[in-house]
2 protein chains.
Amino acid sequence: MATISDVAARAGVSTATVSRALNGKSTVDPELASRVRAAAKELGYRPNGLARNLRRQETAVLALIISDVENPFFTAIARGVEDTAQAGGFQVVLCNSDENADKERRYVEVALSERAAGVIVSPSGLPGSLDPLFDSGTPVVAVDRRMPDRSCDMVLVHSRLAARQATEHLIEQGYQRIACLTGPEGVPTADDRAAGYRDALVGTGRREVLRRAEYRAPGAQVAASELLGGPERPDALLVGNSAMAVGVLGAMRAHGLRAGIDLGLVSFDDAPWTTLLEPQLSVVAQPAYQIGVQATRLLLARIADPGRLPSTVTLDARLIARGSSSRSPGSP
Amino acid sequence: MATISDVAARAGVSTATVSRALNGKSTVDPELASRVRAAAKELGYRPNGLARNLRRQETAVLALIISDVENPFFTAIARGVEDTAQAGGFQVVLCNSDENADKERRYVEVALSERAAGVIVSPSGLPGSLDPLFDSGTPVVAVDRRMPDRSCDMVLVHSRLAARQATEHLIEQGYQRIACLTGPEGVPTADDRAAGYRDALVGTGRREVLRRAEYRAPGAQVAASELLGGPERPDALLVGNSAMAVGVLGAMRAHGLRAGIDLGLVSFDDAPWTTLLEPQLSVVAQPAYQIGVQATRLLLARIADPGRLPSTVTLDARLIARGSSSRSPGSP
DNA sequence: TTGAAAGCGCTAACAC
DNA sequence: GTGTTAGCGCTTTCAA
């Protein structure tokens, strides 16, 4: 592969001039500049990013470490990050930590050793697993899940409030035994959903029925099956995310239960298929794309000014009530 | 950030010894090696990957350029790539070209200038848009969509055959006016589905009704609406992918049509929600994860031996017939 | 405006 | 077994 010296030789100038010409420095004779461009083109020259970044001590690549590529919530965040980063002249590489602290650590290593300009991460939740990242001084923004023991830029969702509103909605609809199936203990979003659920139940005389499972379909299906097959079956359920909702709906099918009528249902995350069900699934829609946009803005601001004080952006989620949380089937 | 010289100074050895010790070369005195490790730890030393890669003239990072992060088919491929690459000692960075030839080109530039060890790409379809990638000599594997005018490693699916089988299944079920809604002209997978659909229709006396739309929900919904609202409404439909199926099902809802009874339905891609519908959606399941695995194997083999002859792996897809393609509602 | 030369941090000959 | 040193390809002083 052609190097800058090859181009310089061919254009009959020094490597310095090639560098200046190709980087659009104004202090280059137009005549030389065009000779350089021609030579570069003929040789199919492509600057070596490694050498450039090594010399400049900076990169134009952001790393986005998300906890599950197969979860539409996170891919929507990725879209927001990508659009905003590209507009700011940065490229984004996506790393899938798969809710696995070990993979997360490995990708942090990659991001650091490749000297990414900044990192956006949805923390897997294991305390301290991101210490190397923070200690490195690399600009970081945490999304979706807060970092309890670290001061850093964050973009979060009012999910406790949203969980409370969703539960209150189920109460208003007249459901009596309302359960909550959320993510693993210690994962902040999962704990928030549980807390919001509790907030709504206080003083209503209803009993708390709280279950935990991983944020995926299989675990949720098992947990839901236990709940639905046990004594004192709940008549409504608040579900932690859309992957879990898939498991819950699978369990309901197995138990012959109809959404809305036999079991009121609200799930976090507005997946594209939720309106295809009969009845349609009520959801708490999180502004995933906006989370990505805001996180990138914070990150770019911090890259530009590493000394600025960390700030937290908290976005609202929106309850969309549909048929699955309404006792009269078929109502909106 | 600490450099190798800092570590060398602290351990009282040369940088060469630090490098050897940290890279596990056996020719280092154990005593010195442990002193080096201690010094590195104390300083929080992290090798500069840029410098290392520049010197070594190689990277352990693969780039995976997929056409849509929000499509479960591609994220499943990504999982397969990631698992296989990690087992082979490579990291994977994901780039989302978003079915956009321009973005695709930009990410190719990034992959080349960062000197990725290899690239796996699901081509956007614009002819020639990947020329720089191929011309660079970087190891490449194309997945899902073949490169008609290039000789390179590929991992494909027998989707023409699968489309034919799916259509034959609809014929067997007694549907008479079978239409096909597939992706844009020129996208190989879209053309294959159309061809397979035609293969099945030949000699059955049925008329071809072929529609094209982008591989996403909105376009598919519009196209399906036209089809379903027009004269001589089809009584069955073969759909190009799961995102399109979302659009089609939305259109059916708007027109008050029931799957299976009013409209026999088979869609490509076995998304997690397909079994939640009533009736369940019949699908052509593509081995997405395996595509990722095989593609990575081919890529690693080519990285190890750039001179080997290109080969193509073609995997089978599997028809899973469920209620949406059966006239008797509720049958499996 | 242009060129010569230093040097980013690391690895791999080569010499001892 | 260890140190010295050259050099990966680029950008950026510093002189001219």
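These numbers come from a predicted model, not from an experiment.
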J.: Just the atom pairs and distances: protein N or O near nucleotides 2-4 of chain D's N or O, under 3.5 Å.
T.:
| from | atom 1 | to | atom 2 | distance (Å) |
| --- | --- | --- | --- | --- |
| D:dT2 | OP2 | B:Asp29 | N | 2.6 |
| D:dG3 | OP2 | B:Ser14 | N | 3.1 |
| D:dG3 | OP2 | B:Ser14 | OG | 3.2 |
| D:dG3 | OP2 | B:Thr17 | OG1 | 2.6 |
| D:dG3 | N7 | B:Arg20 | NH2 | 2.7 |
| D:dG3 | O6 | B:Arg20 | NH1 | 3.2 |

J.: Return the residues of residues 43-58 of chain B meeting this criterion: a heavy atom under 4.0 Å from some atom of DNA chain D. Order them by number, or give none.
T.: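 By residue number: B:Leu54, B:Arg55, B:Gln57.
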J.: If the condition is side-chain contact (heavy atoms from CB on, under 4.5 Å), which residues does A:Arg46 pass it with, not counting sequence neighbours?
T.: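 Per chain and number, A:Arg46 pairs via side-chain contact (heavy atoms from CB on, under 4.5 Å) with B:Glu109, B:Leu112, B:Pro132.
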J.: Are B:Arg146 and B:Thr312 packed together at the side-chain level, in the sense that at least one heavy-atom pair is separated by less than 4.5 angstrom?
T.: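 Not in contact.
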J.: With A:Val81, which of A:Leu64, A:Val293, A:Ile66, A:Leu94 fulfils side chain to side chain contact (heavy atoms under 4.5 Å, CB included)?
T.: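 Going through A:Leu64, A:Val293, A:Ile66, A:Leu94 one by one, the side chain to side chain contact (heavy atoms under 4.5 Å, CB included) with A:Val81 is satisfied by A:Leu64 alone.
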J.: Indicate yes or no: at least one non-hydrogen side-chain atom of A:Lys103 is less than 4.5 angstrom from one of A:Cys95.
T.: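 Not touching, per the 4.5 Å side-chain cut-off.
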J.: Give me the first and last nucleotide of DNA chain C, going 5' to 3', that has any atom under 4.0 Å from a heavy atom of chain B.
T.: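 Boundary nucleotides touching chain B, in 5' to 3' order, are C:dG9 to C:dA13.
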J.: Any heavy-atom pair between the side chains of B:Arg79 and A:Val69 that's under 4.5 Å?
T.: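 Yes; the side chains approach each other to less than 4.5 Å.
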J.: Is any NZ, NE, NH1 or NH2 atom of the basic residue among B:Asp191 and B:Arg145 found under 4.0 Å from an Asp or Glu carboxylate oxygen of the other?
T.: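 Salt bridge flag = no for B:Arg145 with B:Asp191.
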J.: Do B:Phe90 and B:Leu300 touch side chain to side chain, with heavy atoms closer than 4.5 Å?
T.: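 Counting from C-beta outward, B:Phe90 and B:Leu300 do come under 4.5 Å.
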J.: Just checking, is any N or O donor in the side chain of A:Tyr215 or A:Thr189 under 3.5 Å from an acceptor N or O on the other one?
T.: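 Per modelled atom types, A:Tyr215 and A:Thr189 side chains form a pair under 3.5 Å.
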J.: To the nearest 10°, let me know how far the axis at one end of the helix from C:dT1-D:dA16 to C:dC16-D:dG1 is tilted from the axis at the other, five pairs an end.
T.: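 For the helix from C:dT1-D:dA16 to C:dC16-D:dG1, the axes at opposite ends meet at about 40°.
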J.: Tell me which donor-acceptor pairs under 3.5 Å the side chains of residues 24-31 of chain A have, and how far apart each pair is, sequence neighbours excluded?
T.:
| from | atom 1 | to | atom 2 | distance (Å) |
| --- | --- | --- | --- | --- |
| A:Asp29 | OD1 | A:Glu31 | N | 2.8 |
| A:Asp29 | OD1 | A:Leu32 | N | 3.4 |
| A:Glu31 | OE2 | A:Arg35 | NH1 | 3.4 |

J.: Side chains of B:Val61 and B:Asn53: does their closest heavy-atom pair fall under 4.5 Å?
T.: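 Heavy-atom side-chain distance check fails, nothing below 4.5 Å.
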J.: Does B:Ser113 reach the side chain of A:Asn48, with side-chain heavy atoms less than 4.5 Å apart?
T.: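 Result no, sub-4.5 Å side-chain heavy-atom pair not found.
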J.: Start with the C-alpha distance between B:Arg10 and B:Asp6, add both sets of side-chain angles, then the distance that settles salt bridge (Lys or Arg N to Asp or Glu O under 4.0 Å), and finish with yes or no.
T.: CA-CA 6 Å; B:Arg10 178 150 194 142; B:Asp6 300 330; over 6 Å; no
